[in-house]
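Only one structure is covered here, and it is reproduced in the block below.
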Protein chains: 2
Amino acid sequence: MHQKRQRPTTGRITINDVAERSGVSIKTVSRVLNNEPSVRPSTRARVEAAVRALDYSPNPSARGLAGTQSRMIGLIYDNPSPNYLFRTITGVLEACNGAGYALSLQAPNPDEPDLAESVTRFVSQSRVDGLLLIPPVGDVVAVLDALEAIGLPYARVSPLDGRPGLGVSVDDRHASAQVVAHLTGLGHRRIGFISGHPEHGATQSRLEGYRLGLLRKDLDFERELVVGGRFDLESGRRAGAYFLDMENPPTAIFASNDEMAAGLLQVALERGWRIPEQLSIAGFDDTPLSRTLWPPLTTVHQPIRHMALRATELLLENLAENLHENLDIHGHAGSKRLGSRVEVFDAPLVERATTAPPPD
Amino acid sequence: MHQKRQRPTTGRITINDVAERSGVSIKTVSRVLNNEPSVRPSTRARVEAAVRALDYSPNPSARGLAGTQSRMIGLIYDNPSPNYLFRTITGVLEACNGAGYALSLQAPNPDEPDLAESVTRFVSQSRVDGLLLIPPVGDVVAVLDALEAIGLPYARVSPLDGRPGLGVSVDDRHASAQVVAHLTGLGHRRIGFISGHPEHGATQSRLEGYRLGLLRKDLDFERELVVGGRFDLESGRRAGAYFLDMENPPTAIFASNDEMAAGLLQVALERGWRIPEQLSIAGFDDTPLSRTLWPPLTTVHQPIRHMALRATELLLENLAENLHENLDIHGHAGSKRLGSRVEVFDAPLVERATTAPPPD
DNA sequence: ATTCAAAATGACAGCGCTAACAAATTTTTC
DNA sequence: GAAAAATTTGTTAGCGCTGTCATTTTGAAT
């Protein structure tokens, strides 16, 4: 018996097997797989049965090659906190799983100075259908321009600018003002503020919220009560040292993220201050840290997981729309419309144990 | 002028363009792209020039379909800490970027009770070339069996069992004993231990290390000085309450991860204990938390990023080997050899501010 | 019944690449 | 310098799907 040498076939089940078993053409199987209309319910059922019986799942490479989508979205992160990234990924994956999309992760090469370049390369190498951008990458105009130039849909989490596009955000300004309201409500009148990294989007709006909060209580904005930080522990410590060294230190300090609040707390404890009796401290973000510190930190909760989930949904919806609109497009390669939609989430104050009425 | 209706071609540059421009066949371009031997250096240079000039990058779908690899590896995580996942991803991505691989992330569906099933589905849907497993998924025998059944290469970070395969780990036992040595060196003789989640691999070896450390100093292992935790804050608090309520509490407590140490620290501070003067505390993992707490935590550093990087390298090396060994394989579909290699990393003790000589 | 539109299905090309093999070229050997 | 061996290059056939368009079937309207 002579067997002709064959290319070692993968041995996997293909669309042909499903077609054969259900007695239809492969095109019809394809239609069922892609949920296209105009398939008789009875036929659809038969095909679905065969799919299940054979435990078939379509080859993504073949789909990607033949079709126009890769069913994969990318997430690019530059320098988020571990916790932020974790919650984001969790949300994104939730959305992806429901929709049959895969998630490809990428961090830009730190050696590559040109971020937009890095992003473009990733996109052209991985052929994702769309991109999810989280801060701070999501705020780099050059990146967004580059993506629009190549016509790749994207959605942003917490964009700071008013640029049209898909995104979800939180009203940082409002939340920040709420913190001040909480503090003034306790009786504080001298409230320090540690602002964030100058290049982070949220920095500005949180500062504005602080001012707004003061304004609402007719409190003066005092320059000496605001110090610039970088969203990290060390800058929180520096700011703490600055405030505690003042002749007339504030009775409450609002750090615009939890990490800096932790730094501030360290310095205060180190110097023997009793928190919150002698000094109230508030943070922002509600990272797990805020519950791990002692005393547990009063802070603002950011629904990051949920925001990421929703941003992904917006992106995937957009991808689906673009797909159907393909008919209208005449040769304009990559003339995808991004649409514009930003959903705003609530960021509620979480009162824990670092805030109390001022001494006296 | 009548233009024939064409399928809207992607407009992208393909291997044909590169071949044309460099005056060779597409197969030669393919050879250059895949770093295959037997291409004259001069030809190679010409092709590479064309690739650069056209800014060409191969279509991964086409490669995946025509070839045997997808150049994508998967990372499955079940329930790691945000920080652990972050450091892992960072390391994995470093390795991937260097090798031209993409990373696909996946978390098993929490509703799906059968983890192995979840993993298998992910693998067959995404067609990754290999998988990276981190604890606790990496310790589930059913998952490993399933992967071996379908012949998918994988590498594990911190595997606990002696199962042959690719992996990197840390000598938890040794590191743990080191902590005890540090404590006894300071003069402690009564050392409490908070053990970890019973289903985590490290739990057992860290406990063994604790016993070993005691043994070396001829100290008795006392049942009442060991309490079970779950690697989370709350269990650290419970354990703390237990120890501090004892008639004769230990002078030092070794929590087998940082999170539990933080819980313990909370309870101690809450009750007005001075740390480290009245009680020494040590953790394990060296998460950022350990620097953020006050006082900063003495702990054991785990080189997670580096371990993940190395595990990925092992996996990718294995993939490359399998590729070349294809010749030897006769019809045994998926008869990939995993090889066996486990690299052990050092986990050094980091002395910070929660440990000091015992009172008296 | 008969005609016609609408809905359902199928045939077939080809996406961009790699595997297998064939052919052409260069190098070595005597 | 011719033959043999080794090296380099090219030709061709798919991989498993989806897009286009042709064909068949169905259901309604006459």
Side-chain angles (χ1 to χ4, degrees), chain A residues 4-20 22-47 51 54 56-71 124-125 127 129 323-324 326-327 329, chain B residues 4-20 22-47 51 54 56-71 124-125 127 129 323-324 326-327 329:
Chain A
K4 206 197 261 171
R5 183 81 149 84
Q6 281 275 133
R7 174 201 280 224
T9 170
T10 29
R12 291 199 97 108
I13 309 153
T14 75
I15 197 172
N16 291 295
D17 302 319
V18 179
E20 198 171 329
S22 45
V24 297
S25 75
I26 59 168
K27 181 67 228 196
T28 299
V29 177
S30 171
R31 288 197 179 93
V32 172
L33 257 29
N34 294 289
N35 257 310
E36 285 174 34
S38 69
V39 174
R40 197 169 317 202
S42 60
T43 315
R44 186 179 296 274
R46 214 141 33 87
V47 172
V51 166
L54 296 172
Y56 165 74
S57 63
N59 182 323
S61 291
R63 282 182 140 180
L65 186 56
T68 53
Q69 10 164 21
S70 67
R71 288 153 199 274
S124 72
Q125 281 175 7
R127 316 272 159 128
D129 290 341
L323 205 60
H324 297 136
N326 257 353
L327 306 168
I329 296 176
Chain B
K4 203 197 261 174
R5 183 81 151 83
Q6 279 276 133
R7 173 201 279 225
T9 169
T10 30
R12 293 201 95 110
I13 310 154
T14 74
I15 197 173
N16 291 293
D17 302 319
V18 178
E20 199 170 328
S22 45
V24 299
S25 75
I26 60 168
K27 180 64 230 200
T28 299
V29 177
S30 171
R31 287 200 179 92
V32 172
L33 258 29
N34 294 292
N35 258 310
E36 285 173 32
S38 68
V39 174
R40 195 169 317 202
S42 62
T43 317
R44 186 178 295 273
R46 217 140 32 88
V47 172
V51 166
L54 296 171
Y56 165 75
S57 62
N59 182 322
S61 293
R63 283 183 141 179
L65 186 55
T68 52
Q69 14 165 18
S70 66
R71 288 151 200 276
S124 72
Q125 281 174 7
R127 316 271 159 130
D129 290 340
L323 205 60
H324 297 137
N326 257 352
L327 306 168
I329 296 176

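In what follows, chains carry the letters A, B, and so on, assigned in the order in which the sequence lines appear, proteins first and then strands, with residues in each chain numbered from 1.
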Give a yes or no on whether Gln69(A) atom CD has more than 12 heavy-atom contacts from other residues, nucleotides or ligands under 6.0 Å away. yes

For Tyr56(B) and dG16(C), give me the distance from atom OH to atom C1', rounded to whole Å. 7 Å

Can you check the Asn35(B) CG to dC17(C) C1' distance for me, whole Å? 17 Å

Think Asn16(B) has a side-chain N or O under 4.0 angstrom from the OP1 or OP2 of dG16(C)? no

Is any side-chain heavy atom of Arg63(A) closer than 4.5 Å to one of Asn34(A)? yes

Atom CD1 in Ile15(A), atom OG in Ser57(A): separation rounded to 0.5 Å? 12.0 Å

So do Thr14(A) and Ile26(A) actually touch side chain to side chain, heavy atoms under 4.5 Å? no

Are there over 12 heavy-atom neighbours, none belonging to Gln125(A), within less than 6.0 Å of that residue's CD? yes

Nearest-Å distance, CZ (Arg63(A)) to C1' (dC17(D))? 8 Å

Measure the spacing between OG of Ser70(B) and CG of Leu65(B) and express it to the nearest 0.5 Å. 12.0 Å

Atom CG of Leu33(B) and atom C1' of dT18(C): how far apart are they, to the nearest Å? 11 Å

Interatomic distance where CG belongs to Asn34(B) and C1' belongs to dC17(C) [whole Å]: 9 Å

I need the CD1-C1' distance between Ile15(B) and dG14(C), as an integer number of Å. 16 Å

In terms of side-chain heavy atoms of Ala62(B), which of dG14(C), dG16(C), dT18(C) is nearest? dG16(C)

Spacing of Arg71(B) atom CZ relative to dC17(C) atom P, expressed in whole Å: 11 Å

Residue closer to the 5' end of DNA chain D, Ser61(A) versus Glu36(A) (nearest nucleotide): Ser61(A)

Can you tell me the distance, in whole Å, between the CG atom of Leu65(B) and the P atom of dG14(C)? 16 Å

Between side-chain atoms of residues 35-43 of chain A and protein atoms elsewhere (two or more places apart, or another chain), which donor-acceptor pairs fall under 3.5 Å?
none

What nitrogen or oxygen pairs link the protein and nucleotides 5-11 of chain C at under 3.5 Å?
{"unit_1": "dA8(C)", "atom_1": "O3'", "unit_2": "Arg40(A)", "atom_2": "NE", "d": "3.4"}
{"unit_1": "dA8(C)", "atom_1": "O3'", "unit_2": "Arg40(A)", "atom_2": "NH2", "d": "3.2"}
{"unit_1": "dT9(C)", "atom_1": "OP1", "unit_2": "Thr43(A)", "atom_2": "OG1", "d": "2.5"}
{"unit_1": "dT9(C)", "atom_1": "OP2", "unit_2": "Arg40(A)", "atom_2": "N", "d": "2.9"}
{"unit_1": "dT9(C)", "atom_1": "O4", "unit_2": "Arg31(A)", "atom_2": "NH2", "d": "3.4"}
{"unit_1": "dG10(C)", "atom_1": "OP2", "unit_2": "Ser25(A)", "atom_2": "N", "d": "2.7"}
{"unit_1": "dG10(C)", "atom_1": "OP2", "unit_2": "Ser25(A)", "atom_2": "OG", "d": "3.1"}
{"unit_1": "dG10(C)", "atom_1": "OP2", "unit_2": "Thr28(A)", "atom_2": "OG1", "d": "2.7"}
{"unit_1": "dG10(C)", "atom_1": "N7", "unit_2": "Arg31(A)", "atom_2": "NH1", "d": "3.4"}
{"unit_1": "dG10(C)", "atom_1": "O6", "unit_2": "Arg31(A)", "atom_2": "NH2", "d": "2.6"}

